[in-house]
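Let me begin by presenting the structure, written as structure tokens, before commenting on it.
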Amino acid sequence: MTITPFAARFEANPHAKSDAEREAILADPGFGTHFTDHMFVADWTPDEGWQDPRVVPYGPITLDPSAAVLHYAQEIFEGLKAYAHESSIQLFRAEQNAARMQRSAHRLALPPLPVDWFLGSIDALVRADHTWVPSGGERSLYLRPFMYASESFLGVRPAAKVTYSVIASPAGAYFKGGLKPVSIWLSTTYTRAGAGGTGAAKCGGNYAASLLPQQEGIAHGCDQVVFLDSIEQTWIEELGGMNLFFVQSDGSIVTPALTGSILEGITRDSILTLAADLGHDVTQRRVSLDEWRTGVADGTITEIFACGTAAVVTPVGTLRWDDGEVTCGTGEAGKVTSEIRSALVDIQYGRAEDRHGWLRPIAGPPSA
Ligand code: PLP
Ligand code: COI
């Protein structure tokens, strides 16, 4: 199966890591600190469209100091993983990432990247760096496509020169504690995204806005921050980089409905399907802060978990605020959380049947 719409120019990295260096990294990759030998790059202008697809040595980018992205943050990104199966490398719902990148591009007035360019760019990079896909354990190759305004111009308007790139980073667990529940700081001073803003787009600015509240959370001994809606300060939206699910004592599962300011997680969407497959009643609706606090206290909420590509499915324990806290669970992943997590990762790693057609092999032989 070849869907790649282009033959990317290839420039081999003369300083590629040795087999021994790479194997040492793959044995304990951590998250987001090591990168493969190559990166994918393509450029866009209004007249020429997307052009010059290339796989080149991973390395610094040269930008003019007036490049628009450095001033007005016209930038979007994606996150997905490549999984080593016995005799292939597979992507999980990559076309969903392609579609979301198009929605993000629209919101940030960036040019849409055609789906076959998105998938083709990933195929080209993963083919070039296929030896970097870790196998064994819950390891994968995290792929980070991103697009930014590279035009040198200080006027405030959409850039007429845009760069799209993909880098890849071998990944182990996002949280060092493994499946230990994370603690959450309730941000009441800051919101992540406002009505009509960019919350549903995966743009760098959303993450920049989450850093100060995240620092505040860390200062209060928490791992992550949960944000409320910006209008009523009442409804649970999501964490800085993950969506939330609540398991109720009757086995039903609730997740905050998409409001336009929540990122539409692909893991979230997959879990909605998998939880229903497993026989749970699943609802998307508004969930209030009070429901979280009282539900945990009176036992109506029995498990809480967060989900996303990087963190997969992570149990949530304590919710802390200025003068109080509630803790859900006993310090271990709950039964339903574990069941859903396994259902998801078993498909991703090829241990369970892919009944929904979510996997897609990297096109072409690894050596092509
Ligand atoms: N919410 C935010 C703000 C995120 O950054 C992410 C991560 O990508 C998610 C949710 C989960 O999305 P996905 O499951 O597509 O990775
Ligand atoms: C992801 O899960 O892919 C994310 O983007 C979350 C975070 C690393 C930004």
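Scope of the values below: all heavy atoms of this structure, side chains included, with no hydrogens, waters or symmetry mates. Residues take their numbers from the sequence shown, with the count starting at 1. Both ligands and their constituent atoms are indexed starting at 1 by order of listing.
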> With atoms numbered from 1 as shown, which atoms in ligand 2 lie under 4.0 angstrom from a non-hydrogen atom of Thr309?
Replying inline: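 Checking each atom against Thr309, I get 2 (O), 3 (O).
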> Under 4.0 Å from any heavy atom of Lys202, which atoms of ligand 2 are there?
Replying inline: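 With Lys202 as reference, the close atoms of ligand 2 come out as 4 (C), 5 (O).
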Considering only protein heavy atoms, which is closest to [atom], and at what distance to one decimal place?
| atom | answer |
| --- | --- |
| atom 6 (C) of ligand 2 | Gly241 O, 3.8 Å |
| atom 1 (N) of ligand 1 | Glu238 OE1, 2.5 Å |
| atom 9 (C) of ligand 2 | Tyr207 CE2, 3.7 Å |
| atom 7 (C) of ligand 1 | Lys202 NZ, 3.3 Å |
| atom 2 (O) of ligand 2 | Ala310 N, 2.8 Å |
| atom 6 (C) of ligand 1 | Gly241 O, 3.2 Å |
| atom 7 (C) of ligand 2 | Tyr174 OH, 4.2 Å |
| atom 16 (O) of ligand 1 | Thr309 OG1, 2.6 Å |
| atom 14 (O) of ligand 1 | Thr267 OG1, 2.5 Å |
| atom 12 (O) of ligand 1 | Gly265 CA, 3.3 Å |
| atom 1 (C) of ligand 2 | Tyr142 OH, 3.5 Å |

Do any nitrogen or oxygen atoms of [X] lie less than 3.5 angstrom from nitrogen or oxygen atoms of ligand 1?
| X | answer |
| --- | --- |
| Glu264 | no |
| Ile266 | yes |
| Asn97 | no |
| Tyr207 | yes |
| Arg100 | yes |

>> Which heavy atom of Gly199 sits nearest to which heavy atom of Ala193, and what is that distance?
In response: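 Distance-wise, the nearest heavy atoms are CA-CB, 3.4 Å.
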Does a salt bridge link [X] with [Y], judged by any charged N lying under 4.0 Å from a carboxylate O?
| X | Y | answer |
| --- | --- | --- |
| Arg192 | Glu238 | yes |
| Glu264 | Arg100 | no |
| Arg285 | Glu291 | yes |
| Asp43 | Lys161 | no |
| Arg341 | Glu138 | yes |
| Asp277 | Arg355 | yes |
| Arg157 | Glu151 | yes |
| Asp269 | Arg93 | yes |

> Do Pro213 and Phe227 have side chains that get closer than 4.5 Å, going by heavy atoms?
Replying inline: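 Yes, their side chains come closer than 4.5 Å.
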>> Under a 4.0 angstrom heavy-atom cut-off, which atoms of ligand 1 come close to Arg192?
In response: 3 (C)
>> I'd like to check which ligand 1 atoms, numbered from 1 as shown, lie under 4.0 Å from a non-hydrogen atom of Gly240.
In response: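 Checking each atom against Gly240, I get 3 (C).
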Examine [X] together with [Y] and report whether their ring centres are nearer than 6.0 Å.
| X | Y | answer |
| --- | --- | --- |
| Phe246 | Trp292 | yes |
| Phe6 | Phe118 | no |
| Tyr142 | Phe31 | yes |

> Should the proximity of Arg144 to ligand 2, defined as any heavy atom under 4.0 Å, be assigned to the side chain, the backbone, both, or neither?
Replying inline: side chain
